[in-house]
Amino acid sequence: MLSVKSELLAALAHELERLAPGAAHLARFESPKLAAHGDWACTAAMPLAKQLKTNPRQLAQQLVSALQAQPAFGRWVQGLEIAGPGFINLRLQPAAQQQVLREVLQAGAHYGQQPSNGQRVLVEFVSANPTGPLHVGHARQAALGDAICNLLHSQGWQVHREFYYNDAGVQIETLARSVHLRAQGRKPGDPDWPEAAYNGEYIADIAAGFLARQTVRADDRSYSASGDPTDLDGMREFAVAWLRHEQDLDLQALAVRFDQYYLESSLYSSGRVAQTVQRLVESGHTYEQDGALWLRSTAFGDDKDRVMRKSATVAADGSPIEGGYTYFVPDVAYHIAKWERGYTKVVNIQGSDHHGTIARVRAGLQAAGVGIPSGYPDYVLHTMVRVLRGGQEVKISKRAGSYVTLRDLIDWTSRDAVRFFLLSRKPDTEYTFDVDLAVQQNNDNPVYYVQYAHARICSVLAAWGGAPEHLQTVDLSPLQGPQAQALLRLLARYPEVLSHAAADFAPHDVSFYLRELAAAYHSYYDAERILVDDPLLKHARLALVAATAQVLHNGLALLGVSAPEKM
């Protein structure tokens, strides 16, 4: 129905321009909240009436009269109605509604996608510290980030997927010392075990691997252990490589890929952090107080000024220890690097605990004076995930020691269930992952419900035995029933769903849509037999369900979920 919509919008724009030069930009259609109000609604009469200082209902009537004389409206529109203060509701001819089936069947996997817009976008997600396995919060972020990348790509963006590794700082030192203690035979619970140390059994595995002189290979590095229990620097390098490899396996289990792993340490070794600090000092937006260096971030909308470099401290032997940079300083340096790499559109997907960093990072970018606009980058924040199994909350993994890992969740359920469940709610809403529900094979399980609709259609097409490409030209006029009409309307909405979901970074909208489409198909299947004796009726109904299967397949693929042919 995209071609129909395009024709009608062109005619609407023409008539708006005749009414008021420059008003063609008001030509757009919206989907009414209630199907009873029509297929599309036009609100142009109301803002235009305000501009022309006239009554909006009278202007709407004038516009309706003009549109009724347009050939495109005569061909595709069954009725035009004025409602409320000046809404124009359009009811389409059955032939117009049916046109969507030809578009779906011809476009196939590309239905709903847009051509390249020539623009690049960098999406940063997961970005976990290499100090442990990925947990269920990372799983939510991985599914969310991957789906957002797929959505943006479907709408013409050239997408770069990036993972930022915090491989410098206090947590890495804690990791190295935890491995060092394990290599010496000490363990959690011992009297001298530090409170800040990492307690998971994976620390013991790292220590054993190091002492055995193993070689570990991750996506961006390889490291061979010396086996020397006093080699703290070696343990640090080995531990990071070991956990990088583990996280690679986690991401592979969820079928998530990245184009680049960007290391925090590179910001220091390349001099980017020092350059960024120098820029901020030279900008005049910093000051010294109590031995610390501060950014006057309140000048850029932050609620308080932020420490950039901590004040110096004194070691046990009386020697001075220079204060280190706070977390947001390398973050500012990193985003300047993103900008200088040509990414004028950047999306960061992070946990809701990062909410406080948004204002200070944006303030730092503004203060740096490198041409970055306010509001850069975009952020998508998500809450953590609770896990229920057997009706009880699961909080601890034997492997991780303190949380459920991503691979635990996949092992208990499936990759498809993990992805679909974690994308079934808005990112900023609390979510409880019910493991028992995720393995059920009934209509209560949302991923099963959607996948079963696709498999059900595949079984119908297999029983028919014909070639689906022959359905592109069949007579669709028999598709008149209310359930068939509901399916047609939903199939026509799919491109708009993708467009809005990409613009709003909202893959949950796609999961909502797929559940609605699956429900409409199940209702249709229960209401009308498909493989009837009448060839005209049978082929029209087959075209409808084949198009439905294609859109279910397309939507599931964007979420990273399979569309099985059998269940």
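All heavy atoms count here, side chains included; hydrogens, waters and symmetry mates do not.
When all heavy atoms are compared, the tightest approach of Leu175 to Pro130 is CD2-O, 3.3 Å. Between Ser424 and His508, the shortest heavy-atom distance links the atoms C-CB, 4.3 Å. Of all heavy-atom pairs between Ala183 and Leu211, the closest is O-CD1, 3.9 Å.
When the shell of 6.0 Å around CZ of Arg341 is examined, it contains more than 12 heavy atoms from other residues, nucleotides or ligands. In this structure, Glu565 places its CD atom where only 12 or fewer heavy-atom neighbours from other residues, nucleotides or ligands lie under 6.0 Å away. The number of heavy atoms from other shown groups lying within 6.0 Å of CD (Gln441) does not exceed 12.
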Quiz prompt | Working for side chain to side chain contact (heavy atoms under 4.5 Å, CB included), residues Thr344 and Trp339 | solution = CA-CA 6 Å; Thr344 56; Trp339 178 262; 3.9 Å; yes
Practice problem: Tell me, with the steps shown, if His335 and Asn348 meet side-chain hydrogen bond (donor to acceptor under 3.5 Å, both in side chains). | Solution: CA-CA 10 Å; His335 285 87; Asn348 290 351; 2.7 Å; yes
Exercise. Kindly determine whether Gln550 and Asn554 satisfy side-chain hydrogen bond (donor to acceptor under 3.5 Å, both in side chains), including the steps that lead there.
Key: CA-CA 6 Å; Gln550 183 67 66; Asn554 293 359; 2.8 Å; yes
Exercise. For the pair Arg296 and Tyr287, evaluate side chain to side chain contact (heavy atoms under 4.5 Å, CB included) and give the outcome as yes or no after the intermediate values.
Key: CA-CA 7 Å; Arg296 192 172 284 105; Tyr287 59 91; 3.3 Å; yes
Self-check item: Worked check of side-chain hydrogen bond (donor to acceptor under 3.5 Å, both in side chains) between Asp290 and Ser311
Solution: CA-CA 7 Å; Asp290 300 327; Ser311 56; over 6 Å; no
Practice problem: Please lay out, stage by stage, how Glu162 and Tyr334 fare under the test side-chain hydrogen bond (donor to acceptor under 3.5 Å, both in side chains). | Solution: CA-CA 12 Å; Glu162 193 151 291; Tyr334 177 38; 2.6 Å; yes
Exercise. Would you check, one step at a time, whether the test side chain to side chain contact (heavy atoms under 4.5 Å, CB included) holds for Gln260 with His160?
Key: CA-CA 8 Å; Gln260 184 172 350; His160 181 83; 3.2 Å; yes
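The aromatic rings of Phe125 and Phe258 sit tilted relative to each other, their planes meeting at an angle between 30° and 60°. Between Tyr431 and Phe433, the ring-plane angle classifies as perpendicular under the 30° and 60° cut-offs. Between His454 and His553, the two ring planes are tilted [angle within 30° to 60°].
A donor-acceptor pair is defined here as one N or O able to donate and one able to accept, closer than 3.5 Å; no such pair exists between the side chain of Arg389 and the backbone of Asp434. The backbone N or O of Val347 lies less than 3.5 Å from no partner atom in the side chain of Glu124, so there is not a single donor-acceptor pair. In terms of modelled atom types and a separation under 3.5 Å, the side chain of Ser297 and the main chain of Arg360 share no donor-acceptor contact. With Thr383 contributing its side chain and Thr429 its backbone, the two residues share a donor-acceptor pair below 3.5 Å. The backbone N or O of Asp192 sits nowhere less than 3.5 Å from a side-chain atom of Asp190 that would complete a donor-acceptor pair. Here the side chain of Gln141 pairs a donor or acceptor atom with the backbone of Val126 at under 3.5 angstrom.
Between His285 and Phe300, the ring center distance clears the sub-6.0 Å criterion.
Here Glu288 pairs with Leu293, Arg309 under the side-chain contact (heavy atoms from CB on, under 4.5 Å) rule; sequence neighbours left out. Among residues two or more places apart in sequence or in another chain, the ring pair (Phe, Tyr, Trp, His ring centres under 6.0 Å) test is passed with His245 by none.
Remark: Arg244 is positioned above the aromatic ring of Tyr261, its terminal NZ or CZ atom under 6.0 angstrom from the ring centre and at most 45 degrees off the axis.
With rounding to the nearest 0.5 angstrom, the CD atom of Gln278 is 11.0 Å from the OG atom of Ser283.
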